[in-house]
There are 2 protein chains.
Amino acid sequence: MFSKACEYAIRALLFVAQKSKDGSKVGIKEIAKGIDSPEHFIAKILQDLSRKGLVLSQKGPSGGFYLDDSTLNISLADVVRTVDGDSIFSGCALGLKQCSETKPCPLHHEFKRIRDDISEMLQTAKLGEFNALLEKNKLFLKR
Amino acid sequence: MFSKACEYAIRALLFVAQKSKDGSKVGIKEIAKGIDSPEHFIAKILQDLSRKGLVLSQKGPSGGFYLDDSTLNISLADVVRTVDGDSIFSGCALGLKQCSETKPCPLHHEFKRIRDDISEMLQTAKLGEFNALLEKNKLFLKR
DNA sequence: AAAGAAAAAGACAAAAAACTCTTTTATTTG
DNA sequence: CAAATAAAAGAGTTTTTTGTCTTTTTCTTT
Ligand code: FES
Ligand code: FES
């Protein structure tokens with residue numbers, strides 16, 4: 001469904017979101033532990049997301065990654081699009097070069113609905129909205 | 001969503017299904033052209049599917065791949081499971097080692113519905129059921 | 001200003017996926 | 001039987017994805 005990089009990205013940002021609640025910043029090592037991902041790999045991914053403005057960062061002592069009110073409102077759809085491109089939002093289920101109504105693949109009509117459901121799920125979900133449930137251990141980012 | 005191998009597999013089997021309607025067999029080259037896929041790659045994939053009984057084959061002149069009444073009734077779910085395993089049917093959207101109700105990831109509750117929709121779509125779709133629409137050019141397997 | 005901390009950058013390495021090429025084996029047909 | 005045909009098998013290659021390691025830059029704190 002998503003690439004590994006994208007899965008890590010989402011989990012990392014949700015982790016950062018949670019920790020950012022009280023304005024504090026999180027280091028790479030803590031993030032990697034918190035979401036059970038390879039440290040250097042998630043570092044790369046976050047560098048990318050940082051360059052593209054989906055997460056904020058600060059170097060030096062007491063630095064780290066964090067989100068502000070604006071970035072806490074970013075949708076998972078934005079994250080997915082940034083990391084994986086928009087194939088999941090508009091690509092053909094059977095790999096035709098381009099999904100189209102006029103030359104549909106055998107799964108097109110059924111798949112369209114599913115794809116739209118995925119889009120809506122991702123568009124609706126915002127980085128900041130899971131903090132409470134994560135805090136209460138009703139939701140998990142690893143294992 | 002699916003691996004390239006799996007996309008090709010589905011398209012190839014639907015192509016073979018269509019051509020098998022009147023009991024004839026299709027060679028690899030015709031299949032590759034018919035679904036616009038790398039010839040040797042789809043050959044490998046079909047060898048696999050053949051070994052596992054999802055498609056029938058015959059060597060020698062006038063040989064090729066074909067489906068009989070029994071295999072025409074195989075579901076796309078079977079094909080996907082054979083090629084890609086069952087991660088799409090039961091895996092976690094965010095890559096947790098195991099999707100579970102008791103330790104759900106943030107997307108779990110929404111994603112479960114989507115995953116089930118996908119399962120149903122694939123379980124319902126049988127290899128033989130698209131022949132008529134493919135014949136009439138209402139459905140396509142390439143471009 | 002100096003030291004230390006932490007992200008950024010860059011260069012590799014390993015593994016998996018996608019794709020290619022060659023040889024072998026089985027089957028049909030003349 | 002001989003020749004031709006077509007899948008099966010096996011052994012690569014290339015590309016992409018995933019993951020690691022080292023160095024550099026920037027910032028904070030003392
Ligand atoms: S053409 Fe395949 S999903 Fe639309
Ligand atoms: S735990 Fe992630 S989808 Fe079920």
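Chain naming here is simple, since letters A, B, ... match the order of the sequence lines and numbering starts at 1 in each. What's counted below: heavy atoms across the whole structure, side chains too, no hydrogens, waters or symmetry copies.
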Pairwise N/O distances under 3.5 Å, protein to nucleotides 19-21 of chain C:
unit_1	atom_1	unit_2	atom_2	d
C/dC19	OP2	B/Tyr8	OH	3.3

How many whole angstroms separate atom [atom1] of [X] from atom [atom2] of [N]?
X       : N      : atom1 : atom2 : result
A/Lys52 : C/dA8  : NZ    : P     : 14 Å
B/Asp84 : C/dA17 : CG    : P     : 9 Å
B/Asp48 : D/dA7  : CG    : P     : 16 Å
B/Phe2  : C/dA17 : CZ    : P     : 16 Å
B/Glu7  : C/dA18 : CD    : P     : 8 Å
B/Glu30 : D/dA6  : CD    : C1'   : 13 Å
A/Ile31 : C/dA8  : CD1   : C1'   : 14 Å
A/Ile45 : D/dT20 : CD1   : C1'   : 13 Å

Short side-chain N/O contact from A/Ser50 to OP1 or OP2 of C/dA7, under 4.0 Å: no
side-chain N/O A/Arg51 vs C/dA7 OP1/OP2, d < 4.0 Å: no
Criterion side chain to side chain contact (heavy atoms under 4.5 Å, CB included) against B/Phe65, the qualifying member of B/Leu49, B/Leu56, B/Ile28: B/Ile28
Criterion side chain to side chain contact (heavy atoms under 4.5 Å, CB included) against B/Lys19, the qualifying member of B/Leu67, B/Leu14, B/Val26: B/Val26
Using 0.5 Å steps for rounding, measure from the [atom1] atom of [X] to the [atom2] atom of [Y].
X        : Y        : atom1 : atom2 : result
B/Leu127 : B/Leu54  : CG    : CG    : 7.5 Å
A/Arg115 : B/Asp117 : CZ    : CG    : 14.5 Å
A/Glu39  : A/Ile31  : CD    : CD1   : 10.0 Å

Touch class at under 4.0 angstrom, heavy-atom based, for B/Val26 against every strand present: sugar-phosphate
Sugar-phosphate only, base, or nothing, as touched by B/Leu46 at under 4.0 Å among non-hydrogen atoms: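 Nothing, no nucleic acid heavy atom in range.
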Protein-to-nucleotide contact annotation, 5' to 3' order, nucleotides 25-30 of chain D [B base; S sugar-phosphate only; - none; under 4.0 Å, heavy atom]: BBBBS-
Check: A/Asp78/A/Ser75 side-chain N/O donor and acceptor closer than 3.5 Å: yes
Axis bend over the full length of the helix from C/dA1-D/dT30 to C/dG30-D/dC1, computed from five pairs that close each end, to 10 degrees: 10°
Sidechain-backbone polar pair: A/Thr71 side chain, A/Asp68 backbone, donor-acceptor under 3.5 Å: yes
Note: [X]-[Y] ion pair, threshold 4.0 Å (strictly below):
X       : Y        : value
B/Asp36 : A/Lys97  : yes
A/Lys21 : A/Glu135 : no
B/Arg51 : B/Asp48  : yes

A/Phe2 six-ring face occupied by A/Lys4 cation (under 6.0 Å, within 45°):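 Negative - A/Lys4 is either too far from the ring of A/Phe2 or too far off its axis.
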Axial cation check for B/Phe89 ring with B/Arg81, 6.0 Å and 45° limits: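 Yes, B/Arg81 and B/Phe89 form such a contact.
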